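See below for the structure under consideration.
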Amino acid sequence: MAKRRLSQQQKQRIQAAQCAYTQSDEHRQGLVVSHQGGRILVELEPGNAIDCKIKSNLGSIVCGDRVAIETGANQEHRVMAILPRDNLLQRVDGFGQVRAVAANISQLLVCLAVAPEPNLFLLDQYLMSAEQQNIDAVILVNKIDLAGSREDPFEIERIYRPLGYSVVSTSVKSGQGMERFRQVLSNQLSVLSGVSGVGKSSLTHCLLPGETIKIASISEANEEGRHTTRTSRLYHLSEGGDLIDTPGVRGFSPFVDRARPLAHGFREILEYSAGCRFHNCQHLDEPKCAVVEAVSAGSIEQSRYDNYVKILAQAS
Ligand SMILES: Nc1nc2c(ncn2[C@@H]2O[C@H](COP(=O)(O)OP(=O)(O)OP(=O)(O)O)[C@@H](O)[C@H]2O)c(=O)[nH]1
Ligand SMILES: [Mg+2]
Ligand SMILES: [Zn+2]
């Protein structure tokens with residue numbers, strides 16, 4: 001069923017009501033750790049989650065959201081307001097609708113694996129999305145045990161480290177890189193994202209052996225598209241920090257902030273664009289484009305530039 005569109009006046013009324021809740025001491029505040037269908041789990045304190053219903057017209061509520069809760073006489077809990085967010089990671093679904101992924105996060109972990117083979121277009125879409133939303137991103141290459149003696153098998157370290165991205169190679173199987181992975185997560189609210197089957201839930205489980213976390217069976221290993229994890233879940237880590245495990249994406253369409261040039265999603269393109277003749281250069285076929293010159297000179301990786309052009313074409 002199509003969602004009812006709200007008038008401007010209705011939106012303002014809802015916003016005003018939310019503001020009242022966020023300023024009131026009468027309502028308990030909590031952290032959303034999962035949201036599935038109409039069921040939402042909210043922690044009032046770490047480890048103590050309660051089942052809540054949702055007041056209508058609040059918009060999407062996601063893991064990491066802080067909310068105000070009211071408890072009725074029948075002991076039924078209801079989320080009455082979403083507290084102001086520091087940030088909201090969004091993506092566009094297969095129907096072109098903008099979907100919230102997680103809120104108030106401090107870093108996005110883009111999880112790739114040796115198998116299924118990494119898709120660098122997808123990686124660049126994730127990184128662009130994080131840049132545009134001012135969220136730090138870290139690249140994980142899991143299942144490194146399957147790479148044999150090959151170091152940096154997909155040249156991910158060679159391409160992305162010079163751009164300032166941390167690249168962490170891990171193996172849940174051999175334990176390689178797990179210590180570094182823990183360090184990266186320490187005292188952060190991280191979201192683990194990537195296609196199905198790369199081992200997001202396996203990595204999460206490794207840090208939380210006491211939790212029941214569904215992982216694909218061995219026969220499904222290395223295959224993409226099984227979607228073992230159906231809903232996002234926020235976990236507290238014993239070393240400090242929180243981790244949100246998300247369901248695998250089939251393709252990730254980044255949310256493009258049209259108010260900012262797309263080059264803001266590509267660090268090196270943004271840097272070189274300062275030298276372009278035209279301030280509104282799109283770095284396609286304009287004369288005296290410093291970005292295109294940098295690509296020809298090998299200072300910008302061809303694959304990064306090609307992916308920029310591809311996203312630009314899709315966004316326009
Ligand atoms: N060889 C190897 N296999 C791994 C590793 N990590 C995970 N796997 C296997 O990969 C398969 C998929 O793991 P999951 O953790 O379910 O993958 P996921 O990314 O959570 O998948 P979705 O929930 O569908 O998005 C499982 O069979 C795991 O045992 C690893 O480091 N090395
Ligand atoms: Mg999973
Ligand atoms: Zn240019």
Side-chain angles (χ1 to χ4, degrees), residues 3 14 17-18 21-22 24-91 93 97-109 111 135 185 187-194 196 200-216 227-249:
K3 275 198 177 162
I14 290 165
Q18 293 222 39
Y21 274 106
T22 60
S24 149
D25 291 336
E26 288 163 29
H27 301 93
R28 291 183 293 172
Q29 299 190 352
L31 172 71
V32 176
V33 294
S34 101
H35 181 185
Q36 188 175 22
R39 188 166 176 245
I40 183 159
L41 278 179
V42 178
E43 282 188 352
L44 300 174
E45 60 211 55
N48 176 15
I50 53 172
D51 229 320
C52 296
K53 294 197 164 157
I54 311 167
K55 180 177 175 277
S56 55
N57 292 333
L58 280 192
S60 35
I61 300 181
V62 284
C63 283
D65 260 326
R66 290 182 289 262
V67 291
I69 296 170
E70 198 171 78
T71 303
N74 54 359
Q75 290 305 305
E76 195 177 86
H77 310 290
R78 193 174 289 269
V79 175
M80 302 303 288
I82 305 169
L83 305 195
R85 290 164 167 151
D86 295 338
N87 59 38
L88 180 67
L89 181 69
Q90 295 176 298
R91 70 182 188 96
D93 70 11
Q97 297 290 317
V98 177
R99 298 264 173 227
V101 177
N104 303 313
I105 62 171
S106 60
Q107 64 184 5
L108 169 68
L109 308 174
C111 190
I135 296 168
L185 298 175
N187 296 319
Q188 305 275 349
L189 202 177
S190 312
V191 176
L192 195 46
S193 203
S196 185
K200 300 179 295 297
S201 300
S202 305
L203 284 162
T204 308
H205 186 256
C206 218
L207 305 171
L208 299 151
E211 293 274 354
T212 313
I213 299 173
K214 202 160 181 266
I215 288 166
H227 298 275
T228 305
T229 304
R230 297 283 173 184
T231 179
S232 294
R233 174 83 202 216
L234 184 148
Y235 300 96
H236 301 296
L237 305 173
S238 54
E239 297 91 344
D242 302 312
L243 180 61
I244 300 173
D245 180 20
T246 67
V249 293

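Residue numbers count from 1 along this sequence. This one's a predicted model, so the numbers in the text were calculated from it and none came from an experiment.
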Practice problem: Taking the side chain as every heavy atom from C-beta outward, state whether Val67 and Ile40 have any pair of such atoms under 4.5 Å apart. | Solution: no
Quiz item: Which heavy-atom pair separates Thr246 from Ser193 by the least distance, and what is that distance?
Solution: OG1-CA, 3.7 Å
Exercise. For residues Ala49 and Val33, report the shortest heavy-atom separation together with the two atoms involved.
Key: CB-CG2, 4.4 Å
Self-check item: Lys53 (side chain) donor-acceptor with Glu76 (main chain) under 3.5 angstrom
Solution: no
Self-check item: Validation row: Leu89, Val62 side chains within 4.5 angstrom (heavy atoms)
Solution: no
Quiz prompt | Within 6.0 angstrom of Arg85 CZ, more than 12 heavy atoms from elsewhere | solution = yes
Quiz item: Between the main-chain N or O of Arg39 and the side-chain N or O of Asp51, is there a donor-acceptor pair closer than 3.5 Å?
Solution: no
Practice problem: Begin with the C-alpha distance, continue with both residues' side-chain angles, and end with the deciding distance and a verdict on side chain to side chain contact (heavy atoms under 4.5 Å, CB included) for Leu243 and Leu208. | Solution: CA-CA 10 Å; Leu243 180 61; Leu208 299 151; 5.6 Å; no
Quiz item: Which pair of heavy atoms, one from Ser232 and one from Pro247, lies closest together, and at what distance?
Solution: OG-CD, 3.5 Å
Quiz item: Does Val32 reach the side chain of Ile82, with side-chain heavy atoms less than 4.5 Å apart?
Solution: no
Self-check item: Within-4.5 Å side-chain heavy-atom neighbours: His236 and Asp242
Solution: yes
Exercise. For the pair Ile215 and Thr228, evaluate side chain to side chain contact (heavy atoms under 4.5 Å, CB included) and give the outcome as yes or no after the intermediate values.
Key: CA-CA 6 Å; Ile215 288 166; Thr228 305; 5.6 Å; no
Quiz item: Are Arg28 and His77 close enough that some pair of their side-chain heavy atoms sits under 4.5 Å apart?
Solution: yes
Practice problem: Could you check if a side-chain atom of Leu41 sits within less than 4.5 angstrom of a side-chain atom of Arg233, using non-hydrogen atoms only? | Solution: yes
Practice problem: Nearest 0.5 Å please: distance from the OG atom of Ser190 over to the CG atom of Asp245. | Solution: 12.0 Å
Quiz item: Are any non-hydrogen side-chain atoms of Leu189 and Leu234 less than 4.5 angstrom apart?
Solution: yes
Quiz prompt | Point-to-point distance, once rounded to the nearest 0.5 Å, from NZ of Lys55 to CZ of Arg78 | solution = 9.5 Å
Practice problem: Find the distance between CG (Leu83) and CD (Gln29) and round it off to the nearest 0.5 Å. | Solution: 4.5 Å
Quiz prompt | Approximate separation, where rounding is to 0.5 Å, of Cys52 SG and Glu70 CD | solution = 11.5 Å
Quiz item: Ile135 and Leu108: which non-hydrogen atoms are nearest, and at how many Å?
Solution: CG2-N, 3.9 Å
Quiz prompt | Closest contact, heavy atoms only, Met80 versus Leu58 | solution = O-CD2, 3.5 Å
Self-check item: Non-hydrogen atoms of Cys111 and Leu203 that approach each other most closely
Solution: SG-CD1, 3.9 Å
Self-check item: By side-chain hydrogen bond (donor to acceptor under 3.5 Å, both in side chains) - contacts of Gln36 (at least two apart)
Solution: none
Quiz item: In chain order, what residues pass the side-chain hydrogen bond (donor to acceptor under 3.5 Å, both in side chains) check against Ser106, with sequence neighbours excluded?
Solution: Gln188
Self-check item: Distance in Å, Asp86 CG paired with Arg66 CZ, rounded so as to fall on 0.5 Å steps
Solution: 5.0 Å
Quiz item: Are Leu31 and Asn104 side-chain neighbours, meaning at least one heavy-atom pair lies under 4.5 Å?
Solution: no
Quiz item: What distance separates Leu192 CG from Thr204 OG1, expressed to the nearest 0.5 Å?
Solution: 5.0 Å
